[in-house]
Novice: 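Provided herewith is a single structure, encoded as structure tokens, for subsequent inquiry.
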Amino acid sequence: MTISYTHLSHTAGWVGGLTRLLVIWKGSLFKQIWPDFLLFFGLYFLLSFFYRLILVDYEDSKVVYELFCVYCKKYSERIPITFLLGFYVTQVVSRWWSQFMSLPWPDTLARYIAVYMPGTDAKSRNYRRAVCRWVNLGNVLALRLVSYKVMVRFPTYEHLVESGLATNKEMIQLKQMDDLVNKRHQISWFPFMWAQNLLRKARKEGLIANDWFTHVLIKEVDNMANMNGMLICYGWINIPLVYTQVVTLAVYTYFVACLFGRQYLLPTQYKVVDNAYVAAGDFPETSRWTDTKIAGTTNIIGYDDKMADFYIPVFTILQYLFYMGWLKVAETLLNPFGEDDDDFDTYYLIDRNLQVSYIMSDEAGLPIEPENDPFGFSNAPELKHTTLSAKFMDDEKPHMPTDGLNLTDEQTNITAVTSRRGSKMLGTTNIGSKLNLAGNILATPVTENPHPAKSPSLGNGSPKSFNMARHLLGSRDESRGPALHSLVDIPDIIEEESTVTSTHEKHVPLPAKWSGNSSPRSSRNEQILFSVTKISESKNPSLKSTTQKHLLRS
């Protein structure tokens, strides 16, 4: 389960700030790296004791060991560990957050189904609960493929039946589908198809008011199925193994080199006498540096003589905490469906989604009557504060960039200067923008009214309606030549199936190719857009002339 700590950092006014978070153990840096930390520094001090207690009596072996330590320190700094770790952790964190955003939540579907399929009868309630159960079943089937914890909770289909997520009949269908695909493909989408088919059946039986409500519900089920597919893809396609290996190898190689390169050495001090190195004494002691430091001496291994012997490598410890902790972050977030402290709590997600979706769907049809407004007739009500919240109250309005702008009377005078760009922009509207605007107008959902009001007449008294789409497509700029002809004839008048006629109006029926079996309260504009048939050249002269022009040009 993800560790929450923001309740401990609600203000930055405390001394030390986020240092209070260092005492948290669960999910902490120290809990993640303490086994590696003890192993690394156990080996470090073991080598240090071996050098100080044994090798110090064997000068030749001591010099070889010291040369190797200096070599490790010099060349370990060439490993680009910061660059490799930084880029890798960035990719892992981004992938981790994307996986969380891909988790499907049935809340929206449950709310929609409670509104679009209301009813307190047993049939409506059973349909709603079945849809919610099936989408949760599909989610569990997807999580079984990516989460070890979910798989051990539901290892077989029989366990899904025992838990109540599936019935025996549904379990048989799932097994049959597994056999059909030879268990080579995931079938988490199967329960979602059951839910969509049930919604279609509910529409036919009149439990859903219209096709648009059915479309919204089916689309929401489809969205959840797609999010499950994303989760499965994240479990299938990982960050390339070679990159993970490079980063891991770089970090562990670097700290293996630090086992030797960060050792405090005690090289023998030498003086040059007759072009030869002559031992002059031991390495100076840290506590008696000025007394034991011999002037004019140096070591022959390339070790820094200014590096005193402090026994405990403080900054090596800090560097290990930072770099190894960085790597542990990547290891933890690489698979957020595992068993680490900061992994997603899949058990809670499964139980929560099932319970909340059932509660939401069962709320359909319950009587909810609005009460009197608690604010009465107040146009700008204000909420009250507690004694503690009043201490944090801030009544200042948000400061905008132009709040401090002060203009003189001369600057605010209206000028008669016109823009030169205005005349140039008049003829820039192209046929593409007109088509897009016409399409938007035609695609605007218009709910049919069985008793529409009488359409207002135009200014000349004509009862005909003004066709905005034809006006936009037919208009042209004189400076640009004749306008293009539309390949689809748009009628000047589009009337509803049932209109109130009078002596001044004449009912004009729709063309036969536009009239069909439409669903109740569906959009007339959608029927027109989706009922355009193939137009032949003989029926549309403009298409024929356009085709001839293209042939002549070719």
Side-chain angles (χ1 to χ4, degrees), residues 1-2 99-147 149-150 153-154 157 159-171 173-174 186-203 205 207-209 212-232 337 344-368:
M1 182 177 181
T2 302
Q99 290 183 76
F100 177 76
M101 297 304 294
S102 298
L103 289 173
W105 302 86
D107 301 42
T108 303
L109 174 63
R111 291 195 302 267
Y112 283 173
I113 202 171
V115 175
Y116 293 161
M117 194 193 300
T120 56
D121 57 290
K123 188 175 185 179
S124 299
R125 182 174 181 269
N126 187 45
Y127 276 23
R128 292 193 302 267
R129 293 170 69 91
V131 171
C132 293
R133 181 172 59 85
W134 283 337
V135 296
N136 281 281
L137 174 61
N139 187 20
V140 171
L141 292 178
L143 290 175
R144 288 174 73 247
L145 300 176
V146 298
S147 174
K149 291 167 55 177
V150 178
R153 183 178 181 182
F154 306 106
Y157 291 143
H159 289 80
L160 294 175
V161 176
E162 288 292 331
S163 65
L165 275 175
T167 63
N168 289 320
K169 181 179 178 181
E170 294 165 358
M171 177 186 67
Q173 294 183 22
L174 291 173
Q186 61 90 14
I187 60 170
S188 64
W189 45 266
F190 203 19
F192 291 95
M193 293 192 64
W194 300 343
Q196 290 175 330
N197 290 331
L198 184 61
L199 291 172
R200 183 179 59 181
K201 180 181 179 182
R203 172 68 184 107
E205 294 177 355
L207 300 180
I208 304 178
W212 175 251
F213 291 171
T214 309
H215 165 76
V216 172
L217 294 174
I218 291 178
K219 187 64 177 177
E220 192 61 34
V221 173
D222 189 62
N223 290 338
M224 292 192 62
N226 292 337
M227 296 181 76
N228 276 338
M230 287 298 299
L231 286 180
I232 295 173
F337 297 100
F344 302 152
D345 193 354
T346 52
Y347 290 169
Y348 169 78
L349 289 174
I350 293 173
D351 297 335
R352 180 261 175 206
N353 288 345
L354 180 64
Q355 295 171 6
V356 171
S357 60
Y358 265 51
I359 293 174
M360 288 182 176
S361 63
D362 281 345
E363 290 294 322
L366 296 182
I368 301 177

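Sequence positions, counted from 1, serve as the residue numbers for this chain.
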Novice: For W134 and W194, take the angle between the two ring planes, folded into 0 to 90°, and tell me which bin it lands in: parallel under 30, tilted 30 to 60, perpendicular over 60.
Specialist: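 Answer is perpendicular, since the angle exceeds 60°.
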Novice: Looking at Y112, I'd like to know if its OH atom is crowded, meaning that more than 12 non-hydrogen atoms belonging to other residues, nucleotides or ligands lie closer than 6.0 Å.
Specialist: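 Not buried by this count: 12 neighbours or fewer within 6.0 Å.
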Novice: So that I can tick it off, tell me whether R128 and D121 are bridged by a salt bridge, with the cut-off set at under 4.0 angstrom between side-chain N and carboxylate O.
Specialist: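 Looking at R128 together with D121, the answer is no, because their closest N to O distance does not fall below 4.0 Å.
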Novice: Quick check on side chain to side chain contact (heavy atoms under 4.5 Å, CB included): which of R200, M117, K201 does I208 satisfy it with?
Specialist: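 Among R200, M117, K201, the one meeting side chain to side chain contact (heavy atoms under 4.5 Å, CB included) with I208 is M117.
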Novice: Do we get K149 above Y347's six-membered ring, with its NZ or CZ under 6.0 Å from the centre and within 45° of the axis?
Specialist: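 Output yes; distance and angle both within limits.
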Novice: Looking at R352 and D107, is there a salt bridge between them, counting it only when a charged N and a carboxylate O are closer than 4.0 Å?
Specialist: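 Salt bridge flag = yes for R352 with D107.
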Novice: Taking atom OH of Y127 and atom CG of L198, what is their separation to the nearest 0.5 Å?
Specialist: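 It is 6.0 Å, given to the nearest 0.5 Å.
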Novice: Would you compute the distance between atom NE2 of H215 and atom CD of E220 and round it to the nearest 0.5 angstrom?
Specialist: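 It comes to 10.5 Å.
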Novice: Is Y116 close to V216 at the side-chain level, that is, under 4.5 Å between some pair of heavy atoms?
Specialist: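 Side-chain contact under 4.5 Å: yes.
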Novice: Search all heavy atoms of L199 against all heavy atoms of I113 and return the closest pair with its distance.
Specialist: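 Minimum heavy-atom contact is CD2-CD1, 4.3 Å.
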Novice: Do L141 and L160 have side chains that get closer than 4.5 Å, going by heavy atoms?
Specialist: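 Yes - at least one pair of side-chain heavy atoms lies under 4.5 Å apart.
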Novice: For the residue pair L143 and F154, establish whether any side-chain heavy-atom pair is separated by less than 4.5 Å.
Specialist: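 Answer no - side chains too far apart.
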Novice: Taking the side chain as every heavy atom from C-beta outward, state whether D222 and Q196 have any pair of such atoms under 4.5 Å apart.
Specialist: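 The answer is yes, as the side chains (C-beta and beyond) meet within the 4.5 Å cut-off.
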Novice: Does CE belonging to M193 count more than 12 external heavy atoms closer than 6.0 Å?
Specialist: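 It does not: M193 CE has 12 such atoms or fewer within range.
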Novice: Taking the side chain as every heavy atom from C-beta outward, state whether L207 and P118 have any atom pair closer than 4.5 Å.
Specialist: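 Side chain of L207 against side chain of P118, heavy atoms only: no contact under 4.5 Å found.
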Novice: Just so I know, are the side chains of T120 and R125 near enough to count as touching, which here means a heavy-atom distance under 4.5 Å?
Specialist: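 Sidechains of R125 and T120: no contact.
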Novice: Around E162, counting heavy atoms of other residues, nucleotides and ligands shown, do more than 12 lie under 6.0 Å from its CD?
Specialist: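 Open.
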Novice: How long is the gap from CE on M224 to CG on L109, to the nearest 0.5 Å?
Specialist: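 It comes to 6.5 Å.
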Novice: Is I232 close to S188 at the side-chain level, that is, under 4.5 Å between some pair of heavy atoms?
Specialist: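 When only atoms from C-beta onward are counted, I232 and S188 do touch, with a gap below 4.5 Å.
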Novice: May I ask you to decide if L354's main-chain N or O and S357's side chain share a donor-acceptor pair within less than 3.5 Å?
Specialist: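 Here the side-chain-to-backbone pair exists.
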Novice: Measuring only between side-chain heavy atoms, which start at C-beta, is V356 closer than 4.5 Å to W105?
Specialist: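 No, their side chains stay 4.5 Å or more apart.
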Novice: Hey, does the side chain of R133 reach the backbone of L165 with a donor-acceptor pair shorter than 3.5 angstrom?
Specialist: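 Checking the backbone N and O of L165 against the side chain of R133, a donor-acceptor pair under 3.5 Å is found.
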Novice: Kindly compute the distance separating CG (L103) from CE (M230), expressed to the nearest 0.5 Å.
Specialist: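 Reported value, rounded in 0.5 Å steps: 11.5 Å.
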Novice: Verify the distance criterion only: is there a donor paired with an acceptor across the side chains of Y157 and E170 at less than 3.5 Å?
Specialist: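 Not at all, the side chains of Y157 and E170 share no donor-acceptor pair under 3.5 Å.
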Novice: Between atom CG of L231 and atom CG of N139, what is the distance when rounded to the nearest 0.5 Å?
Specialist: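 Rounded to the nearest 0.5 Å, the CG-CG separation comes to 7.5 Å.
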